[in-house]
Amino acid sequence: MTDFKKMIAEMIAKVININEEEIKEYIEIPKDSSMGDYSFPCFKLAKELRKAPVAIANDIKDNIQIDKNIIEKIDVVNGYLNIYLNRKLIVKTVLEEIDKEKENYGKSNIGTGKNIVIDYSAPNIAKPFHIGHLRSTVIGAALYNIYKFLGYNVIGVNHLGDYGTQFGKLIEGYKLWGTEYDIEKDPINELTKIYIRINEACKEDETILENCRNNFKKLEDGDPYCVELWKKFRELSLKEFQKVYDLLGSKFDSWNGESFYSDKMPEVIETLSSKGKLTESQGAKIVDLEEQGITTPCIIEKSNSSTTYATRDLAAIMYRARTYDFDKCIYVTSYEQVLHFKQVFEVAKFLGLDEKYTKGLIHVPFGMVLLPTGKMSTREGNVIKLEDILNEAISRAKDIIEQKNPELDNKEEVAKKVGIGAVIFNDLSNNRIKDEVFDWDTMLNFQGETGPYIQYMYVRTNSILEKIGQIPDVKDIELEELTNDTCIDILKQIYLFNDIIMQAADKNEPSIISRYLIDLAQKFSSFYNDNKIIVDDEKQKNARIYLTYMVGLILKSGAKLLGIETPNKM
RNA sequence: GUUUCCGUAGCUCAGUAGGAUAGAGCGACCGCCUCCUAAGCGGUAGGUCGGCAGUUCGAUUCUGCCCGGGAACACCA
């Protein structure tokens with residue numbers, strides 16, 4: 001699409017002795033459009049050109065050759081050069097681009113030929129899928145969609161927590177009291193009860209903890225009883241998780257969890273050992289990271305010679321590098337794990353992998369979901385299960401539909417889209433690093449800056465288009481009809497879509513898109529309120545309908561990137 | 001204690017890799033449905049951008065210190 005900044009930079013570059021690229025970098029969008037569509041602050045050049053900013057600005061203004069088809073006027077305010085674009089050009093540019101790209105508008109091919117692995121969701125087997133896992137699932141899925149939209153080949157991996165000492169604990173608990181619980185009937189809840197109970201027992205009796213650790217060791221060594229139990233727990237849990245994934249619409253390209261790497265860890269240990277990076281400490285094998293500025297060493301093998309989370313992550317890095325040839329490998333987890341990934345990424349540099357891979361390792365941390373009373377913990381038994389939240393969201397959405405639009409067809413389906421949309425949007429609307437205190441009414445709020453608000457605005461655009469039957473041809477649209485302040489404001493927002501997606505990818509921050517969609521929806525909503533769209537004046541009507549069409553397209557497309565579905569009616 | 005993240009309106013948060021009068025939503029108060037869905041729109045009230053220095057023509061944004069809060073810190077993941 002036409003790059004306005006570049007066009008302006010070209011013109012300015014002809015008048016002053018600064019290169020175009022640098023100028024382009026300085027050009028900004030004023031916060032108030034009364035100060036122009038773009039603005040060039042001349043302060044930055046004052047030193048370089050040894051001139052007062054205002055003089056520079058005036059100088060540029062006096063000498064610049066402006067093409068009236070591109071720039072309407074230029075003002076000098078303080079040290080700023082405020083540039084007002086030709087409004088017809090803005091309208092024309094956006095209209096033509098949308099007409100050409102339709103639902104592909106905003107896509108790009110910057111990712112063509114590049115592979116990105118995204119490791120997300122990763123719930124722990126035999127533990128409830130709680131609200132804390134929602135964030136990883138939802139943020140990961142959004143990043144997946146965003147990168148795909150930018151042309152990358154993306155591999156979504158659900159790195160299941162299906163291995164480790166916790167299974168040693170479960171096995172021990174099952175051995176001790178298995179007959180007291182009906183695992184087949186309600187797997188996760190019953191297993192959780194066992195898990196809580198065994199943890200209590202471990203606290204009281206050190207030998208029980210020792211037995212648990214040994215169970216995991218046995219599991220790694222292939223002990224038939226342990227393996228059989230582990231398999232059973234895993235299967236039952238996955239079935240339960242699938243219910244949540246179905247509600248959220250989550251899909252993964254790979255379900256290779258931690259256990260998948262059980263036979264791939266010896267290579268990690270051997271490589272580290274042969275490079276002389278492995279040292280013994282307190283009976284365990286570790287990699288010392290003092291030199292890297294990390295005071296805690298990375299444990300590769302425990303003193304009972306079983307492996308750790310880190311070892312499995314290292315094996316996964318080797319495997320993913322070979323299998324997917326990744327340019328980036330992104331880990332979406334809570335910020336509790338920053339140290340862990342810092343360690344793992346440092347140790348990965350000792351695995352003899354190409355720099356391409358070790359440089360592509362990225363941890364994307366997010367804040368925690370807390371209860372008003374503090375942290376959630378499976379062991380404390382105070383978790384809020386995600387399935388309950390999603391079902392509550394759907395049920396509340398249904399109540400509102402019943403109240404606002406009782407005539408609606410397929411209420412169930414719409415309630416699901418709206419309820420789930422609210423939950424997803426709530427999680428993606430703020431910077432991911434922020435902690436979130438769980439509150440039913442906040443999470444399931446359907447008013448203001450929420451998922452349903454976006455959906456509602458989409459539904460409005462859709463109703464209009466449905467009523468009118470067909471979208472007018474771009475060629476028949478009178479550009480002047482859309483050059484007023486409000487319309488230009490909306491068009492400029494639409495123009496930014498691709499830029500916003502790139503930013504979101506660059507920072508691995510889906511909330512940038514959420515904010516953008518809220519802005520767009522608000523702008524359109526104001527317009528909708530002040531103007532009738534289906535009017536008698538044919539020219540005006542066509543232009544407004546096309547604007548409505550464009551807004552709807554972006555809202556739908558943007559919501560989809562976030563993993564939110566848009567119903568046609570609600 | 002060490003490391004790290006956070007601190008903007010009563011509450012929840014935006015603030016575009018330093019810029020022109022700091023913006024939304026919720027809550028409060030006041031308006032708007034004979035008109036394309038009021039899950040909406042408009043308005044009023046509400047701010048020493050945690051504090052102090054420094055860098056700069058210019059700091060909510062960068063640096064340092066301090067205060068307040070969260071998190072991590074070897075056999076959990």
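- Counting non-hydrogen atoms under 4.0 angstrom, A/S429 reaches nothing in the nucleic acid.
- A salt bridge links A/K417 with A/E413; the closest basic N to acidic carboxylate O contact falls under 4.0 Å.
- The shortest distance between the side-chain N/O atoms of A/K44 and the OP1/OP2 oxygens of B/rG58 is not below 4.0 Å.
- Distance CE (A/M368) to C1' (B/rC6): 12 Å, rounded to an integer number of Å.
- Candidate nucleotides B/rC36, B/rC57, B/rG40 were compared by shortest atom distance to the side chain of A/K47, and B/rC57 ranks first.
- Base pairing analysis places B/rC52 opposite B/rG64; the two distances defining the Watson-Crick or G-U wobble pair are each below 3.5 Å.
- As rounded to whole Å, 11 Å separates atom C1' of B/rA74 from atom CD1 of A/I300.
- Going from the C1' atom of B/rU8 to that of B/rA14 covers 10 Å, rounded to whole Å.
- The interatomic distance linking A/D530 (CG) with B/rC33 (P) rounds to 14 Å, in whole Å.
- Contact between the side-chain N/O atoms of A/K434 and the OP1/OP2 oxygens of B/rA14 is found at a separation under 4.0 Å.
- Taking the syn range as angles within 90° of 0, the glycosidic angle of B/rC62 is outside it, so the base is anti.
- The side chain of A/N431 places an N or O atom within less than 4.0 Å of a non-bridging phosphate oxygen (OP1 or OP2) of B/rA14.
- Within the 4.0 Å cut-off from OP1 or OP2 of B/rA77, at least one side-chain nitrogen or oxygen of A/T165 is found.
- Between A/R396 and B/rA39 there is no side-chain polar atom (N or O) within less than 4.0 angstrom of OP1 or OP2.
- Among the heavy atoms of the strands lying under 4.0 Å from A/Q282 is at least one base atom, whether or not backbone atoms are also near.
- For A/Q455 and B/rA39, the CD to P distance is 14 Å, given to the nearest whole Å.
- For B/rU21, there is no paired nucleotide, since no Watson-Crick or G-U wobble pair has both relevant distances below 3.5 Å.
- Nucleotide B/rC26 holds its C1' atom 20 Å from the CH2 atom of A/W440, rounded to whole Å.
- Using atom P as the reference point in both B/rA28 and B/rC11, the two lie 16 Å apart (nearest Å).
- At a threshold of 4.0 angstrom between heavy atoms, the contacts of A/V437 with the nucleic acid are absent.
- For the C1' atoms, the distance linking B/rC13 with B/rG7 amounts to 13 Å, nearest Å.
- Backbone-only contact: A/I433 has heavy atoms under 4.0 Å from sugar-phosphate atoms and none from a base.
- The separation of B/rU4 from B/rG64, taken at their P atoms, amounts to 10 Å, rounded to a whole angstrom.
- The shortest distance between the side-chain N/O atoms of A/T450 and the OP1/OP2 oxygens of B/rG25 is not below 4.0 Å.
- A/N82 comes within contact range of at least one nucleobase, with a heavy-atom separation under 4.0 Å.
- The base of B/rA39 lies outside donor-acceptor range of the side chain of A/N445, with no N or O pair under 3.5 Å.
- Judged by closest nucleotide on RNA chain B, A/K342 is the one of A/T442 and A/K342 placed further toward the 5' end.
- In this structure, A/Y516 has its ring center under 6.0 Å from that of A/F497.
- Salt bridge A/D221/A/K217: present, at least one basic N to carboxylate O contact under 4.0 Å.
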Audit row: A/W255, A/D162, side chain to side chain contact (heavy atoms under 4.5 Å, CB included) steps and yes/no: CA-CA 11 Å; A/W255 291 80; A/D162 60 359; over 6 Å; no
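- Ranking B/rA20, B/rG70, B/rA39 by closeness to the A/Q447 side chain, first place goes to B/rA39.
- In this structure, of B/rC36, B/rA77, B/rC41, it is B/rC36 that holds the atom nearest to the side chain of A/I534.
- Phosphate proximity of B/rU3 to A/T295: absent, as no side-chain N or O sits under 4.0 Å from OP1 or OP2.
- Side chain of A/I464, nearest nucleotide from B/rG42, B/rU12, B/rC36: B/rC36.
- Aromatic ring centroids of A/F129 and A/F241 lie under 6.0 Å apart.
- A/K169 comes within 4.0 angstrom of nothing in the nucleic acid, heavy atoms only.
- B/rC41 sits 36 Å from B/rG50 when the C1' atoms are compared, rounded to a whole Å.
- Among the nucleotides B/rA74, B/rA77, B/rC36, the one closest to any side-chain atom of A/P297 is B/rA74.
- Taking for each of A/I518 and A/Y453 the nucleotide of RNA chain B with the nearest heavy atom, the 5'-most of the two is the partner of A/I518.
- Pairing for B/rG47 is absent, judged as Watson-Crick or G-U wobble with the two contacts each under 3.5 Å.
- In textbook terms, a nucleotide whose glycosidic angle is within 90° of 0 is syn, while B/rA53, being further out, is anti.
- For B/rC41, the paired base is B/rG31 (Watson-Crick or G-U wobble, both distances below 3.5 Å).
- Contact annotation for A/A46: no contact, since no heavy-atom pair falls under 4.0 Å across all strands.
- For the pairing with A/D427, the salt bridge (charged side-chain N to carboxylate O under 4.0 Å, His left out) check across A/K434, A/R432, A/R135 returns one residue only, A/R135.
- In this structure, A/K532 reaches the bases: a heavy-atom distance under 4.0 Å links it to at least one base atom across the strands shown.
- Aromatic pair A/Y84/A/Y38: ring centres not closer than 6.0 Å.
- A/F260 has its ring centre no less than 6.0 Å from the ring centre of A/Y163.
- Taking atom C1' on both B/rA45 and B/rG10, the two are 12 Å apart, rounded to the nearest angstrom.
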Steps toward side-chain hydrogen bond (donor to acceptor under 3.5 Å, both in side chains) verdict (A/S306, A/E301): CA-CA 6 Å; A/S306 67; A/E301 201 178 279; over 6 Å; no
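- In this structure, B/rC73 forms a base pair with B/rG1, meeting either the Watson-Crick or the G-U wobble geometry with both donor-acceptor distances under 3.5 Å.
- A/E436 pairs in a side chain to side chain contact (heavy atoms under 4.5 Å, CB included) with only one of the listed residues (A/N426, A/T442, A/N430, A/L370), which is A/N426.
- Heavy atoms of A/S303 sit under 4.0 angstrom from at least one base atom.
- As rounded to the nearest Å, B/rC30 and B/rG46 have C1' atoms that lie 16 Å from one another.
- The same atom, P, is picked in B/rU55 and in B/rG40; the two are 49 Å apart, to the nearest Å.
- Between the base of B/rA74 and the side chain of A/S281 there is a donor-acceptor pair shorter than 3.5 Å.
- Contact check, A/N531 against B/rC36: no side-chain N or O comes under 4.0 Å of OP1 or OP2.
- For B/rC36, there is no paired nucleotide, since no Watson-Crick or G-U wobble pair has both relevant distances below 3.5 Å.
- For A/R515, no side-chain nitrogen or oxygen approaches OP1 or OP2 of B/rG25 to under 4.0 Å.
- In terms of polar N and O atoms assigned as donor or acceptor, the side chain of A/T308 never comes within less than 3.5 Å of the base of B/rA74 in a complementary pairing.
- Rounded to an integer number of Å, the gap from OH of A/Y195 to C1' of B/rA77 is 8 Å.
- A close approach under 4.0 Å does not occur between any side-chain nitrogen or oxygen of A/K492 and OP1 or OP2 of B/rU16.
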